[in-house]
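What follows is one structure encoded as structure tokens, with my remarks underneath.
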Amino acid sequence: MKKQFAVIGMGRFGSSVAKSLCTFGYDVLVVDSNGQRVQDLSTCVTQAVQADSTDEEALKALGIHHFDIVVVAIGQDIQSSILTTLILKDLGVKTIIVKAQNDLHGNVLKKIGADKVIFPERDMGNRLAHHLISPNILDFIELSDDYSIVEIQATPQMVGKSLLDLDIRAKYHCNVMAIKTGNRMNIAPHAEDRIKATDVLVVVGKNEDLAKFEKTFAK
């Protein structure tokens, strides 16, 4: 049985999440207090409802506790975000994912029971900053406060060399998890594998170690 999703808050982030889930073939309920936003999305999702997510009875009536995952994507109204999360927790929602505006907001959400807290603006800002510093950085994904994954296009310094030659683990304390060549993914590459100009390296490590690695190769 496919998972069922509910998304509360139909700003740019929430509507993007809802549309993407529907595109992948999932049933999605969207909830927003703004009637126009609900109307705009009514043809794109399984069900679109105008309701106040801080009203416990309204969420009960929607059967929100039956959904496998609820995403709280409320924008600037931090109070509503926190209250909605509390209500969802009390109603027994299995998994609650909440968008946070800042670290303080995120800490509060974690303490009241959010299963996952995301920072879309901050994460996108990190990705853009890494790309601006070096066009060779194709993507940057934060795994935790200390660890991240970076995708880096092979640079001239790498081409023709093996992973053993580059010695990335010993020099930078980072691990090459995979090498992408076109549509092919080489998972757990061997030390003897040589880097081609079209390759993309998927590297994981501590943020400070990745920064040193990027400074050396991402030029």
Side-chain angles (χ1 to χ4, degrees), residues 1-132 138-145:
M1 187 175 178
K2 288 194 300 185
K3 288 181 179 179
Q4 291 187 314
F5 297 87
V7 183
I8 299 174
M10 288 298 101
R12 282 179 294 180
F13 175 71
S15 58
S16 176
V17 171
K19 288 177 183 176
S20 295
L21 287 170
C22 282
T23 300
F24 288 129
Y26 289 95
D27 291 330
V28 182
L29 162 71
V30 301
V31 180
D32 198 283
S33 58
N34 184 302
Q36 187 59 55
R37 288 179 178 176
V38 170
Q39 182 64 34
D40 291 344
L41 282 162
S42 60
T43 58
C44 306
V45 298
T46 312
Q47 185 181 5
V49 177
Q50 181 180 1
D52 177 2
S53 64
T54 64
D55 182 342
E56 184 172 353
E57 293 305 316
L59 292 184
K60 274 184 184 176
L62 290 172
I64 202 80
H65 60 285
H66 292 303
F67 286 82
D68 299 290
I69 298 174
V70 178
V71 179
V72 181
I74 295 171
Q76 299 299 318
D77 191 343
I78 291 177
Q79 183 174 328
S80 292
S81 166
I82 292 170
L83 185 52
T84 299
T85 303
L86 275 171
I87 292 171
L88 293 172
K89 195 69 181 177
D90 285 344
L91 291 177
V93 173
K94 296 174 189 173
T95 304
I96 306 167
I97 300 172
V98 193
K99 171 188 173 182
Q101 295 297 322
N102 50 53
D103 289 337
L104 179 59
H105 183 199
N107 288 337
V108 172
L109 291 169
K110 288 175 185 175
K111 286 180 179 178
I112 63 174
D115 296 287
K116 184 175 178 61
V117 176
I118 54 174
F119 301 84
E121 290 85 359
R122 186 187 71 184
D123 293 346
M124 185 53 69
N126 279 340
R127 290 184 180 189
L128 178 59
H130 279 266
H131 184 69
L132 291 173
L138 304 180
D139 205 354
F140 179 88
I141 302 169
E142 198 172 78
L143 299 176
S144 68
D145 290 339

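Because only heavy atoms are used, hydrogens play no part in the values below, and waters and symmetry mates are left out as well, while side chains stay in.
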Worksheet item: How far apart are the C-alpha atoms of K89 and I96, what are their side-chain angles, what is the distance that settles it, and do they pass the side-chain contact (heavy atoms from CB on, under 4.5 Å) test?
Response: CA-CA 8 Å; K89 195 69 181 177; I96 306 167; 4.1 Å; yes
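- Once rounded to the nearest 0.5 Å, the distance linking CD1 of I74 with CE of M10 reads 10.0 Å.
- Put simply, CD on Q50 and CG on D32 are 8.0 Å apart, with the number rounded to the nearest 0.5 Å.
- The side-chain hydrogen bond (donor to acceptor under 3.5 Å, both in side chains) pairs that include a residue from residues 77-88 are S53-T84, D77-S80, S81-H105, where partners are two or more places apart or lie in different chains.
- For D68, the salt bridge (Lys or Arg N to Asp or Glu O under 4.0 Å) test picks out K94, with sequence neighbours left out.
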Discussion item. I'd like to know whether L88 forms a side-chain contact (heavy atoms from CB on, under 4.5 Å) with I8, so could you lay out the CA-CA distance, the side-chain angles of the two residues, the decisive distance to 0.1 Å, and finally the verdict.
Written reply: CA-CA 11 Å; L88 293 172; I8 299 174; 4.2 Å; yes
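- Looking at residues two or more places apart in sequence or on another chain, you find a side chain to side chain donor-acceptor pair (under 3.5 Å) between D52 and T54.
- Closest non-hydrogen pair, V28 versus L21, comes out as CG2-CB, 3.6 Å.
- V38 places none of its side-chain heavy atoms less than 4.5 Å from the side chain of V30.
- Remark: L109 CG to L104 CG distance equals 9.5 Å, nearest 0.5 Å.
- Identified under the ring-ring contact (aromatic ring centres under 6.0 Å, His included) test for residues 70-90, with sequence neighbours left out: none.
- Applying the side-chain hydrogen bond (donor to acceptor under 3.5 Å, both in side chains) test to residues at least two apart or on different chains, none of the pairs has a partner in residues 6-24.
- Residues forming a salt bridge (Lys or Arg N to Asp or Glu O under 4.0 Å) with K3 (at least two apart in sequence, or on another chain): none.
- Listed by first then second residue, pairs satisfying ring-ring contact (aromatic ring centres under 6.0 Å, His included) with a partner in residues 60-91 number zero, not counting sequence neighbours.
- Judged as a ring-ring contact (aromatic ring centres under 6.0 Å, His included), not a single pair has a partner in residues 72-99 (not counting sequence neighbours).
- The salt bridge (Lys or Arg N to Asp or Glu O under 4.0 Å) test applied to D40 returns no partner, not counting sequence neighbours.
- Here CZ of F119 is found 11.5 Å from NZ of K99. Values are rounded to the nearest 0.5 Å.
- Residues V45 and L29 form no side-chain contact, since every pair of their non-hydrogen atoms from C-beta on lies 4.5 Å or further apart.
- Between the CG atom of L86 and the CD1 atom of I112 there is a distance of 4.0 Å, given to the nearest 0.5 Å.
- Evaluation of the side chain to side chain donor-acceptor pair (under 3.5 Å) rule for Q39 yields no partner, not counting sequence neighbours.
- Inter-residue side-chain proximity for I87 and L83 is flagged as met; some heavy-atom pair is nearer than 4.5 Å.
- Smallest separation of non-hydrogen atoms from N34 and R37: OD1-N, 3.0 Å.
- In this structure Y26 satisfies the ring-ring contact (aromatic ring centres under 6.0 Å, His included) test together with F5, sequence neighbours excluded.
- Between G14 and A73, the closest heavy-atom pair is CA-CB, 3.6 Å.
- Within the structure, every pair that satisfies the salt bridge (charged side-chain N to carboxylate O under 4.0 Å, His left out) test and touches residues 101-112, not counting sequence neighbours, is listed here: D103-R122.
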